[in-house]
2 protein chains.
Amino acid sequence: MQVVPAVSFEASRYPSNARAARAVGGKMNTIALMGAPMRFSRNAEIYGEDEPAEYLYQVVSGAVRTYKVLEDGRRQICAFYLPGDIFGFEAGDSHMASAEAIGETHVLVVKRIAIMSRADHEKDLARQLWDATAQELRRFQEHMLLLIKSAEERVAGFLVEMAHRAAKTVSVELPMSRQDIADYLGLTIETVSRTFTQLEHSGLIALPTSRRVELRNYNALRQLSA
Amino acid sequence: MQVVPAVSFEASRYPSNARAARAVGGKMNTIALMGAPMRFSRNAEIYGEDEPAEYLYQVVSGAVRTYKVLEDGRRQICAFYLPGDIFGFEAGDSHMASAEAIGETHVLVVKRIAIMSRADHEKDLARQLWDATAQELRRFQEHMLLLIKSAEERVAGFLVEMAHRAAKTVSVELPMSRQDIADYLGLTIETVSRTFTQLEHSGLIALPTSRRVELRNYNALRQLSA
DNA sequence: CGCGTAGTTGACACTATTCAATGTCTGTGG
DNA sequence: CCACAGACATTGAATAGTGTCAACTACGCG
């Protein structure tokens, strides 16, 4: 990311940011309140791997993917971030992965150093940062568990995860492409596609469009993802 | 873990612990200095998944595995911890995985709550905890990248990782069984075994015993793990 | 010496990948 | 409104890589 937002973390005083914070899944939290709004268009890079982690982000709308590219060109998507999620917050001081907006995406941005120094004397904030890190670790671990399963289990697990995070159990709108899903699950795009249709034929899901998934049997999906 | 060590974190005053800390790879660090020594025998449980994370551990000698068991019985090893490594330090307040001693293992134990509260006013210590967490996140991410590769790449990557962590480039003594390696890499024991002999036949490694691996061509191994 | 555990090897089955073709959606310009 | 291009997604057939099951070997320990 090259452009630095003009609004500093003191922007918490402005009502516009408070509104934006409240817009994020209805959850109020300190990090959001301090953020400056920023916009990224489809496939725009938010930050690159190994860049110093200057900012911390919270998704307001849209979606973000973080990824690593291996020497042979394969891409592994490390995580998807949906509205309300905080990302770019590394325990170290440089980014472990690159981040891109999946579609048109609005985020709140805040200087990491400001948060960190404030956390030194604000116990709540420090707690929030640890929670975010714990969440990140749990997700990584869940993701690791996904990668050792069969294609069907991975896709089912992915759908359950997405439904859970969107707090839905009937239908989900996937913001990401099949290629993104494939790179997240460590499968090929063909296998992902085949597995979707397989799940559809067995009546567990319906696919009105390729991005919209109706969960016809949430419990069976959960069980399938083992 | 059922048994609580008699020695509390104030044990830092006792020279015996300071000696133990220094014994850990020659590195001095605050966490180690505060630890009470404790011993676990082969396959002994150190803590279980979802147990409250009361203690924090540092390996002095031996090795530890953390793992999760899926409903169908498959076991995924999340991490191996070698002498000097800190484990059991969860960002949340319960353990994300179970931990077992792989062989006869000596650790230093300290109450997590003591460390955490001390970290509130000791900046160095807080920094150390963040560093440990960052390390953990990096390892998880590396592990994730391993899991999307071919069997040969995974095993090569595993050997390079072990060599690196033991600070060796010629030969490594693996403390864990083939089954442990298989569960770490998301492969079967047979595939791991076959891959070892394959690497031996292609001259990249030698296997004087099944646990001792001589790296005959470290750079080729690195390259192979892509 | 014999037993049990850990590790290796072989034959075969099965799952996911590869390569190629076809189908679908969306936005643009006629 | 329709036709078209380009990106995205689905489907099929052949292949490669792991898993599975079973037999066999090597090692450590009573």
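In the text below, chain A, chain B and the rest are named by the order of the sequence lines, each starting its count at 1. Only this structure's heavy atoms are used, side chains among them; waters, hydrogens and symmetry mates stay out.
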Query raised in the report: Given A/E100 and A/R65, is the salt bridge (charged side-chain N to carboxylate O under 4.0 Å, His left out) satisfied, shown in steps?
Result: CA-CA 5 Å; A/E100 286 176 356; A/R65 60 176 170 253; 2.6 Å; yes

Report summary line: In whole angstroms, the gap separating C1' of D/dT18 from NZ of B/K149 amounts to 18 Å

Report summary line: The residue among A/L108, A/T105, A/V107 that forms side-chain contact (heavy atoms from CB on, under 4.5 Å) with A/V60 is A/L108

Requested in this report: Quickly work out the A/R178 CZ to D/dA7 C1' distance and round it to whole Å.
Outcome: 14 Å

Query raised in the report: Is a donor-acceptor contact shorter than 3.5 angstrom present between the side chain of B/R194 and the base of C/dG10?
Result: yes

Report summary line: The residue, B/S210 or A/V192, whose nearest nucleotide of DNA chain C is more 5′ is B/S210

Query raised in the report: Please give, in whole Å, the distance from D/dA9 C1' to A/I205 CD1?
Result: 14 Å

Query - Rounded distance in Å - CZ (B/R74) to P (D/dT18) - result: 17 Å

Query raised in the report: Base, sugar-phosphate, or nothing for A/S193, non-hydrogen atoms under 4.0 angstrom?
Result: base

Report summary line: Atom CD1 of A/I148 and atom P of C/dA16 are separated, to the nearest Å, by 14 Å

**Report entry** Between C/dG10 (P) and B/Q198 (CD): distance, integer Å
**Finding:** 13 Å

Query - Salt-bridge contact A/E214-A/R216 (side-chain N to carboxylate O under 4.0 Å) - result: yes

Query raised in the report: How are the rings of A/Y57 and A/F40 set relative to one another: parallel (under 30°), tilted (30 to 60°) or perpendicular (over 60°)?
Result: perpendicular

Report task. Look at the aromatic rings of B/F80 and B/Y184 and report parallel, tilted or perpendicular, splitting at 30° and 60°. Result -> tilted

Report task. Find the distance A/E153:CD to C/dA16:C1' and express it as a whole number of Å. Result -> 14 Å

Query raised in the report: How many Å lie between CG on A/D72 and P on C/dT18, as a whole number?
Result: 10 Å

Query raised in the report: Among D/dT10, C/dA16, C/dT9, which nucleotide sits nearest the side chain of B/T197?
Result: C/dT9

Requested in this report: Report which part of the nucleic acid A/R42 touches: base, sugar-phosphate, or nothing (heavy-atom distance under 4.0 Å, all strands).
Outcome: sugar-phosphate

Query raised in the report: Hey, does B/S150 reach any base, or is it just sugar-phosphate, or nothing, if we go heavy atoms under 4.0 Å?
Result: sugar-phosphate

Query raised in the report: From the list C/dA6, D/dT10, C/dA16, which nucleotide is the closest neighbour of the side chain of A/I189?
Result: D/dT10

Requested in this report: Mark yes or no for a side-chain to base donor-acceptor pair under 3.5 Å between A/E190 and C/dC19, with no hydrogen or angle criteria applied.
Outcome: yes

Query raised in the report: So what does A/T191 touch, heavy atoms closer than 4.0 Å: a base, only the sugar-phosphate, or nothing?
Result: base

Query raised in the report: Between the base of C/dG7 and the side chain of B/R211, is there any donor-acceptor pair under 3.5 Å?
Result: no

